[in-house]
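In what follows, a single structure is set out as structure tokens and then discussed.
What's counted below: heavy atoms across the whole structure, side chains too, no hydrogens, waters or symmetry copies.
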Amino acid sequence: AWSCGILGDLLYRGEVVAEDKARGRELAKKGCEGGEIDPGCGVYGVALYHGHGGDQDLPLARKILKQACDAKHGPSCRILGVMWVKGLGGKQNEVRAIVMQQRACEANDRDGCYIAGQMWEGGQAGKKSRHKADQYYNEGCNRGSTQSCKRGGDLWYTSADVKSKARKKGRKFYSTGCLLGDEQCCLDSARTYWEEGTEEGLSTAFKLYLVSCKNDKAAEACMWVGVALRDGMGAAQDEAKGRKILESLCGGGYQPACGR
């Protein structure tokens, strides 16, 4: 049973061997029926949910995914949560949906952490909780979910009712996302330092914008590099070079640079 589940998983995902969702589903089912929950039941449940390699069967998918979730298979908990929130294959219950996403997160499914954070932030079960949203965005961000880093940053940095000290939490989220390679998080991280307005903050912002401009060719980052050089903000002033950068961006169709 164990080998059936493993091979089924590999075939279903097309990892190591050529993808064959029908054969992968068949073997995963055998593994699941033989008692192998992860990845057997997990893969079989996902296949039933999507209708990959055979007919879609949402009620059965819900049953199989519950078995896998109970065995701490994170992706199964996450998909089960989606089914609960949408009422797919059974009843709709947003409270149960949040519980499933939290269980997915606890089982190291970073996307489950992100969804749990979204649900707590939005109050989908009737109650909003910034504390809970922060908890799950932090878990997701630490597990490599740049979406969680971005949303966690926005939760603390862009909220009007948050005190300035708490905005440092937002910066930390953005900085982690930037280190994970997310261009928008890098831009947001730089923005937090730019808006700080201090000499040190402007200098740090310039360095971050410069990296994003060179490595990601991010137009927004290049625009702020141009502004910094033109006005001598956080960098040695070079008005001619700064204006040249801004004119080039504007000529290339990046409209925000035209008004700078």
Side-chain angles (χ1 to χ4, degrees), residues 1-15 17 19-129 132-133 135-137 139-140 143-145 147-148 151:
W2 182 82
S3 60
C4 285
I6 293 293
L7 183 55
D9 181 36
L10 295 174
L11 284 165
Y12 186 82
R13 292 186 291 114
E15 187 172 314
V17 294
E19 182 181 302
D20 186 339
K21 291 197 180 299
R23 182 62 175 153
R25 171 173 167 158
E26 179 186 348
L27 289 173
K29 179 182 179 182
K30 285 184 178 180
C32 182
E33 290 173 343
E36 190 211 344
I37 305 298
D38 180 12
C41 292
V43 174
Y44 181 43
V46 170
L48 287 165
Y49 171 74
H50 290 293
H52 290 161
D55 293 336
Q56 185 182 52
D57 188 334
L58 294 177
L60 182 57
R62 187 180 276 216
K63 178 182 177 182
I64 298 298
L65 288 170
K66 183 181 184 304
Q67 287 181 252
C69 180
D70 288 344
K72 295 182 170 53
H73 183 252
S76 294
C77 298
R78 169 168 43 85
I79 294 174
L80 194 56
V82 172
M83 296 183 81
W84 273 109
V85 81
K86 294 182 177 181
L88 300 174
K91 294 180 180 179
Q92 181 184 25
N93 187 318
E94 292 190 341
V95 174
R96 289 294 297 161
I98 288 182
V99 170
M100 289 301 106
Q101 298 303 347
Q102 290 176 168
R103 289 178 66 182
C105 183
E106 290 162 6
N108 295 316
D109 185 271
R110 63 189 184 187
D111 291 331
C113 300
Y114 173 66
I115 297 171
Q118 278 190 310
M119 294 184 78
W120 278 113
E121 182 181 3
Q124 282 185 259
K127 181 181 179 181
K128 292 185 179 183
S129 173
K132 285 284 189 180
Q135 175 187 338
Y136 287 103
Y137 285 143
E139 291 282 352
R143 286 178 169 85
S145 167
Q147 285 181 304
S148 291
R151 286 302 307 147

Across all chains, not counting sequence neighbours, the side-chain hydrogen bond (donor to acceptor under 3.5 Å, both in side chains) partners of Glu26 are Arg23

Got Trp120 and Gln102 here, is their nearest side-chain heavy-atom distance under 4.5 Å? yes

Donor-acceptor under 3.5 Å (Gln101 side chain, Ile115 main chain): no

Determine the minimum heavy-atom distance between Ala61 and Leu48, stating which atoms define it. CB-CB, 3.7 Å

Do side-chain atoms of Arg62 reach the backbone of Leu88 as a donor and acceptor pair under 3.5 angstrom? yes

Can you tell if the side chain of Cys41 reaches within under 4.5 Å of the side chain of Glu33, non-hydrogen atoms only? no

Check Cys4 against Gly31 and note the closest heavy-atom contact, atom names and distance. CB-N, 4.0 Å

Taking all heavy atoms of Leu65 and all of Val46, pick out the closest pair and write down the distance. CD2-N, 3.8 Å

Of Arg78, His73, Lys72, which meets side-chain hydrogen bond (donor to acceptor under 3.5 Å, both in side chains) against Ser76? His73

Taking 4.0 angstrom as the limit, do Glu121 and Arg151 come out as a salt bridge? yes

Keeping Glu139 on the side-chain end and Cys113 on the backbone end, is there a donor-acceptor pair under 3.5 Å? no

If you compare all heavy atoms of Gly8 against all heavy atoms of Leu27, which two are closest, and at what distance to 0.1 Å? CA-CB, 3.8 Å

Would you call Lys21 and Leu11 a side-chain contact if the rule is heavy atoms closer than 4.5 Å? no

Lys/Arg N to Asp/Glu carboxylate O, Arg103 vs Asp109, below 4.0 Å: no

Given side chains that start at C-beta, do those of Val43 and Lys29 come closer than 4.5 Å, heavy atoms only? no

Check whether any side-chain heavy atom of Tyr114 lies under 4.5 Å from a side-chain heavy atom of Tyr137, and answer yes or no. yes

Nearest heavy-atom contact between Asp38 and Glu36 is O-OE2, 3.2 Å

Pairs meeting criterion side chain to side chain donor-acceptor pair (under 3.5 Å) with involvement of residues 43-60, two or more places apart: Tyr12-His52

